[in-house]
Number of protein chains: 2
Amino acid sequence: MSDKNFMNMCLDLAQRAWGNVSPNPYVGSVIVKDGEIISSGYHRGPGLAHAELDAINNAKVSVKGSTLYCNLEPCCHTNKRTPPCAQRIVKEGIKRVVICNLDPNPHVAGKGVQILKDAGIEVETGILKEKGLVLNEVFFKHIQEESPFVHLKWAQTLDGKIAAKDSTSKWITSDRSRALVHRERISHDAILVGASTLRVDNPSLTAREDGNVVKRIKRIVVASKDDFDHDLKFFSDDYKDDSILALPEGQTSNSDVETIFCKTTAHGKVDLNDLLAKLYEKEIYSIYVEGGQGILTQFLKQKLFDRVSVFMAPKIVGEGASPLGYIGINSMKEALCLENPKVELLGDNIYITSRGSKCSLD
Amino acid sequence: MSDKNFMNMCLDLAQRAWGNVSPNPYVGSVIVKDGEIISSGYHRGPGLAHAELDAINNAKVSVKGSTLYCNLEPCCHTNKRTPPCAQRIVKEGIKRVVICNLDPNPHVAGKGVQILKDAGIEVETGILKEKGLVLNEVFFKHIQEESPFVHLKWAQTLDGKIAAKDSTSKWITSDRSRALVHRERISHDAILVGASTLRVDNPSLTAREDGNVVKRIKRIVVASKDDFDHDLKFFSDDYKDDSILALPEGQTSNSDVETIFCKTTAHGKVDLNDLLAKLYEKEIYSIYVEGGQGILTQFLKQKLFDRVSVFMAPKIVGEGASPLGYIGINSMKEALCLENPKVELLGDNIYITSRGSKCSLD
């Protein structure tokens with residue numbers, strides 16, 4: 001077993017806490033002694049043990065002289081609910097530490113490593129770095145840029161339609177694709193849709209497994225004014241406390257769901273930059289934008305996205321609604337090229353996801 | 001090695017004649033004796049030896065007592081340029097014959113097998129039947145239905161656009177995708193496009209490898225009238241003898257390329273059913289329809305297609321041209337579902353192909 005194998009285990013372990021760690025990162029840890037795994041652990045969520053400590057605490061034999069694998073640099077700061085890991089690793093007499101990513105906070109990055117090195121521990125960093133960055137892309141984004149991670153997602157037919165001529169969209173994709181959508185919802189702090197989607201689809205906007213809500217997440221609707229039927233689920237169901245209506249300043253809300261008023265664009269719409277700043281203040285660190293065309297177009301046109309995911313079903317409808325409108329691109333040469341898209345087959349559906357490259361738009 | 005393994009070899013061998021066999025089928029043959037392959041062969045094209053004969057002729061040792069694998073039932077009729085294979089197999093003392101598909105002509109199907117059985121040869125049929133049907137889908141279609149095989153193809157961005165706002169479409173897909181397009185062109189008797197594609201793109205519509213034309217195939221343009229600039233490549237380049245202009249009856253052609261006049265629809269357009277019948281009479285047995293939106297829409301709406309292929313690049317353009325217009329589908333429930341789509345990754349491009357199911361349209 002190589003360092004990479006053990007680091008892959010850490011990344012897998014980390015994901016056992018899927019959807020539970022925000023605003024923290026996903027972290028897993030494996031402890032190896034004489035080539036054998038003697039313990040492992042992962043971070044289960046805010047206020048709970050860090051992965052390294054979980055692994056140390058889980059060990060049934062002494063970890064002295066062992067190698068500890070961990071996909072994030074052990075912490076060294078003490079101004080939080082959990083004790084610092086680097087100091088504990090030193091105290092336990094661990095001989096070698098292998099790390100995937102350094103702490104993304106530039107004021108902290110490397111300090112945990114320094115404590116380990118000063119204690120004579122051999123430290124390696126950067127093992128499976130890219131994979132770790134993807135796993136914790138939400139964490140890295142909100143820590144480094146102090147803005148929510150924005151994930152744009154839509155489901156389309158093979159011929160690129162998100163709805164048929166009569167605006168129906170149920171269901172484009174398969175059960176299996178929709179199960180993955182819910183798994184992605186779980187991993188975000190909020191779902192966001194535009195006013196038309198709310199009006200036409202009356203969506204639940206909850207994170208479900210087998211039809212049951214498995215996690216409370218915020219659901220945000222962006223609108224120019226509140227002229228909605230307040231019998232819509234968003235305003236009236238059991239989860240209405242999770243609803244946030246975003247309106248331009250000067251508008252009024254007639255419903256009793258939480259409403260935030262944002263700066264207004266020249267077109268009388270919610271300014272998305274201001275919305276993201278206000279959501280960040282509310283500790284919403286990641287947003288899953290699920291359409292429709294209007295809101296996806298605004299996020300794309302303003303380059304406010306960190307990931308784009310498309311679920312595609314092998315269906316053809318011809319005339320219908322496109323996922324996007326005008327995003328500032330006029331010619332094929334200017335097309336936005338997604339870098340290193342990951343393609344996954346979900347039965348006969350296709351899932352394409354990419355960290356949004358903005359190169360061609362710049 | 002199982003019968004399936006040897007049959008897979010036959011199917012692979014058959015494809016060595018890619019693009020050269022029309023109107024014949026792709027056929028490969030392997031001869032096995034005491035578990036060892038003692039010979040193999042394939043059909044190279046019209047007028048040349050059938051695969052079974054090619055394999056028998058290639059054998060360096062006696063084929064007596066051997067097993068012959070062949071993906072199509074050996075022929076038994078004598079009204080053609082090549083001698084009947086079934087009789088030859090009997091004469092050679094071959095002990096067992098394994099076949100993928102029976103002759104698609106219902107008047108002939110099974111007769112070759114009967115000759116073999118009557119001579120005491122053990123015969124097995126249907127091995128990798130589905131794979132054989134796909135390989136020879138063009139042959140099966142034109143023999144059984146006496147109409148050309150129609151293959152609809154388009155290239156699109158991830159968001160389902162075949163051109164950007166300014167109508168540019170060069171290039172949506174990668175070199176690798178476009179190389180596969182040319183390989184598909186080679187396997188058809190003709191390429192077909194609509195009038196707008198001719199006008200806007202001035203395409204070469206030739207089958208090329210590394211930029212060089214490797215096979216002469218017919219190129220068909222369907223138009224309502226001949227108001228083209230005759231300097232377009234279609235009318236003027238070195239391959240203009242391959243050009244066929246299809247116009248409604250009553251129109252006139254001012255160019256010197258071959259023109260066929262077809263029945264007219266209520267909208268003053270070429271009646272595609274009549275066009276296909278006329279092309280079949282001209283021994284055009286397969287057509288690769290490459291767009292644009294208008295012509296693809298007509299073929300789809302009239303259910304005149306046998307395969308649909310989409311090349312997709314991980315690009316986003318927003319507003320632009322969709323692959324299809326109104327095809328008679330109004331609601332998502334009515335969507336045309338493609339059966340068993342095959343998905344292939346071509347670098348970062350995605351190729352999706354399916355024998356067009358027409359179920360949902362019926």
Side-chain angles (χ1 to χ4, degrees), chain A residues 152 154 156-172 293 296-297 300-301 308 310 312-343 345 347-350 352-354 356-357 360-361, chain B residues 152 154 156-172 293 296-297 300-301 308 310 312-343 345 347-350 352-354 356-357 360-361:
Chain A
L152 308 183
W154 66 84
Q156 70 179 33
T157 60
L158 178 61
D159 56 329
K161 297 298 164 192
I162 59 171
K165 192 163 185 277
D166 68 356
S167 298
T168 53
S169 60
K170 283 182 182 166
W171 289 112
I172 294 172
Q293 191 199 80
L296 287 167
T297 301
L300 257 164
K301 196 172 178 186
V308 176
V310 177
M312 198 172 71
K315 291 180 181 173
I316 290 177
V317 289
E319 201 175 311
S322 291
L324 302 167
Y326 182 64
I327 56 168
I329 289 173
N330 296 297
S331 186
M332 192 54 69
K333 280 180 207 156
E334 302 164 7
L336 166 67
C337 303
L338 298 178
E339 265 173 37
N340 298 319
K342 185 184 128 194
V343 179
L345 299 183
D348 69 359
N349 283 199
I350 305 172
I352 302 128
T353 187
S354 168
S357 155
S360 309
L361 278 171
Chain B
L152 308 182
W154 67 84
Q156 70 179 35
T157 60
L158 177 61
D159 57 328
K161 298 298 165 191
I162 59 172
K165 193 164 185 276
D166 67 357
S167 298
T168 52
S169 61
K170 281 179 184 167
W171 289 111
I172 294 172
Q293 191 199 79
L296 288 166
T297 301
L300 255 164
K301 195 172 178 186
V308 176
V310 177
M312 199 171 71
K315 291 180 181 173
I316 291 177
V317 289
E319 201 175 311
S322 290
L324 301 167
Y326 183 63
I327 55 168
I329 290 173
N330 297 296
S331 185
M332 192 53 71
K333 280 180 208 156
E334 301 164 8
L336 166 66
C337 303
L338 298 179
E339 265 173 38
N340 298 320
K342 185 184 128 195
V343 179
L345 299 184
D348 70 358
N349 283 198
I350 305 172
I352 303 130
T353 187
S354 168
S357 155
S360 309
L361 279 170

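Bear in mind the structure is a predicted one, so any value in this text is a computation, not a measurement. Below, all heavy atoms of this structure are taken into account, side chains as well, without hydrogens, waters or symmetry copies. By convention in this document, chain letters (A, B, ...) are assigned in the order of the sequence lines, proteins followed by strands, and residues within each chain are numbered from 1.
- Of the two parts of A:Thr157, only the side chain, counted from C-beta on, holds a non-hydrogen atom closer than 4.5 Å to a non-hydrogen atom of chain B.
- B:Glu319 and A:Tyr326 get closest at one heavy-atom pair: OE1-CB, 3.1 Å.
- Both the backbone and the side chain of B:Ile316 have a heavy atom closer than 4.5 Å to some heavy atom of chain A.
- With a 4.5 angstrom heavy-atom cutoff, A:Val310 touches chain B only via side-chain atoms.
- For the pair A:Met312 and B:Met312, the tightest heavy-atom approach, listed with the atom from each and the gap, is SD-SD, 3.8 Å.
- Taken from CG in B:Leu158 to CD1 in A:Ile352, the straight-line distance is 5.0 Å, to the nearest 0.5 Å.
- Considering NZ of B:Lys342 and CG of A:Leu345, their distance stands at 12.5 Å, rounded to 0.5 Å.
- For the set A:Gly160, A:Gly318, A:Ser167, A:Ser169, the entry with the most heavy-atom pairs within less than 4.5 Å of chain B is A:Gly318.
- Of the listed residues A:Ile162, A:Asp166, A:Leu324, the one with more heavy-atom pairs under 4.5 angstrom with chain B than any other is A:Asp166.
- Here the shortest heavy-atom pairing between B:Ala164 and A:Ser331 reads CB-C, 3.5 Å.
- Only the backbone of A:Ala163 comes within contact range of chain B, judged by heavy atoms closer than 4.5 Å.
- Rounded to the nearest 0.5 Å, atoms CG (A:Leu338) and NZ (B:Lys315) are 10.5 Å apart.
- Top candidate by heavy-atom pairs under 4.5 Å with chain B, chosen from A:Val308, A:Asn330, A:Ile172, is A:Asn330.
- Residues A:Ser322 and B:Ser322 form a side-chain contact, since some pair of their non-hydrogen atoms from C-beta on lies under 4.5 Å apart.
- Heavy-atom distances place the side chain of B:Trp154, and not its backbone, under 4.5 Å from chain A.
- With rounding to the nearest 0.5 Å, the separation of CG in A:Asp159 from CD in B:Gln156 is 7.5 Å.
- Expressed to the nearest 0.5 Å, how far CE of B:Met332 lies from NZ of A:Lys165 amounts to 13.5 Å.
- Using a 4.5 Å cut-off between heavy atoms, B:Thr297 does not touch chain A at all.
- The local environment of CG in A:Asn340 is sparse, with at most 12 non-hydrogen atoms from other residues, nucleotides or ligands closer than 6.0 Å.
- Taking both residues in full, the closest heavy atoms of B:Ile350 and A:Val343 are given as CD1-CG2, 3.6 Å, listed atom of the first, atom of the second, then distance.
- For the set B:Gly325, B:Gly347, B:Pro323, B:Ala313, the count of heavy-atom pairs under 4.5 angstrom toward chain A peaks at B:Gly325.
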